[in-house]
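Sequential numbering from 1 along the given sequence is applied to the chain's residues. In this text the structure is predicted, and so the values were computed from the model without any measurement.
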Amino acid sequence: MLLRTHYVFSTGILTFLGSLITRDPFDALIFAGIVSVLANSLIDRLGHEMVWVEGKYLPRRTPLTHTWFRSILWGSLVTAAVTLLAYFALHDSYYHYHYSYYQPGELFTLAVIYGVLVGPTHMLLDVFTERGIYVKRNGRWVRYALAHFRYNDPLANGLAVLGGMVLLFTAFSVI
């Protein structure tokens, strides 16, 4: 799927779940958007290599990031960094918190949920593309795909974006 499709889909899922935890879905949206953009970008940047095929360079996925478990690790790493930055940005020198809906417990809970889910939301979309994701079979990494849509298929990308948008609107309708 296109990277912007990953952004919208992951942000929608994370915001919806975050709005169930925080008192304000806008806070969940901001945190989810930052985590989604950074984690999905990292997964795609580290997880693609350029290979020479028939006279041109083409991107190819690698098992470095495009496995279920490793996507959780990369997503958790990004989320931990964003959480630490958010925590210290909201904390002043007198050990008081600036006005924010993020209490330390809520921020930690959001970080755990977002960290565990942002990578698998990326894999959920990629498993429907023609190149799929990697799974281990007989000690080797092999590609696995549920469907074989092109990564830039308008219908597949449109449905994923629509799903993310529906979840975003649902998160804000709960207010």
Side-chain angles (χ1 to χ4, degrees), residues 1-49 61-92 97-129 131-136 141 144 146 151 157 160-172 174-175:
M1 297 285 171
L2 297 172
L3 193 53
R4 61 182 173 258
T5 302
H6 286 292
Y7 295 159
V8 174
F9 185 72
S10 294
T11 300
I13 289 176
L14 298 180
T15 301
F16 175 73
L17 294 173
S19 70
L20 300 174
I21 296 166
T22 65
R23 293 173 272 178
D24 188 357
F26 291 104
D27 283 343
L29 173 64
I30 291 169
F31 192 33
I34 293 168
V35 166
S36 175
V37 168
L38 294 176
N40 282 302
S41 296
L42 181 71
I43 288 171
D44 267 357
R45 299 279 186 264
L46 291 178
H48 290 97
E49 63 185 9
R61 292 183 186 140
T62 67
L64 177 63
T65 60
H66 283 80
T67 68
W68 289 105
F69 181 70
R70 290 179 181 176
S71 72
I72 293 171
L73 292 177
W74 289 110
S76 295
L77 180 68
V78 168
T79 305
V82 170
T83 303
L84 286 173
L85 288 173
Y87 176 78
F88 288 118
L90 299 174
H91 196 271
D92 67 12
Y97 294 96
H98 294 289
Y99 177 75
S100 172
Y101 286 103
Y102 286 132
Q103 299 302 319
E106 285 179 343
L107 187 60
F108 178 74
T109 304
L110 283 177
V112 169
I113 290 171
Y114 287 5
V116 169
L117 291 179
V118 70
T121 61
H122 190 103
M123 296 304 106
L124 181 63
L125 293 182
D126 279 354
V127 78
F128 289 102
T129 60
R131 302 292 182 210
I133 62 171
Y134 284 91
V135 294
K136 200 116 187 199
W141 290 111
Y144 176 77
L146 290 175
Y151 79 96
N157 281 280
V161 167
L162 181 64
M165 295 302 291
V166 165
L167 286 168
L168 274 172
F169 289 126
T170 304
F172 285 94
V174 176
I175 300 177

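Side-chain contact between Thr67 and Trp141: present, with at least one pair of heavy atoms (C-beta onward) separated by less than 4.5 Å. Between Met123 and Ser71, some side-chain heavy-atom pair lies under the 4.5 Å cut-off. The shortest distance between side-chain heavy atoms of Tyr114 and Val82 does not fall below 4.5 Å. Side-chain contact between Phe108 and Thr83 is absent, with no heavy-atom pair separated by less than 4.5 Å. Side-chain contact check for Arg61 versus Ile133: every heavy-atom pair is 4.5 Å or farther apart. Between Ser41 and Tyr7 the shortest side-chain heavy-atom distance falls below 4.5 Å. The side-chain heavy atoms of Arg70 and Thr65, taken from C-beta on, include no pair separated by under 4.5 Å. You'll find the side chain of Phe172 reaches within 4.5 Å of the side chain of Phe26, heavy atoms only.
From Leu146, atom CG reaches atom CZ of Phe128 across 5.0 Å, with rounding to the nearest 0.5 Å.
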Side chain to side chain contact (heavy atoms under 4.5 Å, CB included) between Ile13 and Phe9, worked out:
CA-CA 6 Å; Ile13 289 176; Phe9 185 72; 3.4 Å; yes
Set out, in order, the CA-CA distance, both residues' side-chain angles and the distance that settles side chain to side chain contact (heavy atoms under 4.5 Å, CB included) for Arg45 and Leu3, then state yes or no.
CA-CA 10 Å; Arg45 299 279 186 264; Leu3 193 53; 4.0 Å; yes
For side chain to side chain contact (heavy atoms under 4.5 Å, CB included), just list the numbers for Leu117 and Ile113, CA-CA rounded to whole Å, side-chain angles, deciding distance to a tenth of an Å, and then say yes or no.
CA-CA 6 Å; Leu117 291 179; Ile113 290 171; 3.9 Å; yes
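Closest of all the heavy-atom pairs between Ile43 and Gly119 is CD1-CA, 3.8 Å. Residue Gly18 comes nearest to Leu110 through the heavy atom pair CA-CD2, 3.5 Å, listed as atom of the first residue, atom of the second, then distance. Taking each heavy atom of Tyr134 and Thr62 in turn, the nearest pair found is CE1-C, 3.6 Å. When all heavy atoms of Ala111 and Thr79 are compared, the closest pair comes out as O-CG2, 3.2 Å. Across all non-hydrogen atoms, the minimal contact from Ala160 to Thr5 is CB-CG2, 3.5 Å. In this structure, Thr11 and Gly33 approach most closely via the heavy-atom pair OG1-CA, 3.8 Å.
Inspection of the Asp44 and His122 side chains reveals an N or O donor paired with an N or O acceptor under 3.5 Å.
Here the side chain of Thr15 pairs no donor or acceptor atom with the backbone of Gly12 at under 3.5 angstrom. Proximity of a side-chain donor or acceptor of Asn157 to a complementary backbone N or O of Leu2 within less than 3.5 Å is detected. Trp74 places a side-chain N or O within 3.5 Å of a backbone atom of Leu64 that can act as its donor or acceptor partner. A donor-acceptor pair under 3.5 Å is formed between the side chain of Ser76 and the backbone N or O of Gly115.
Using a 30° and 60° split on the angle between ring planes, His48 and His66 fall in the perpendicular class, above 60°.
Under the side chain to side chain contact (heavy atoms under 4.5 Å, CB included) test applied with Leu29, the options Thr22, Leu14, Leu168, Ile34 reduce to a single match, Leu168.
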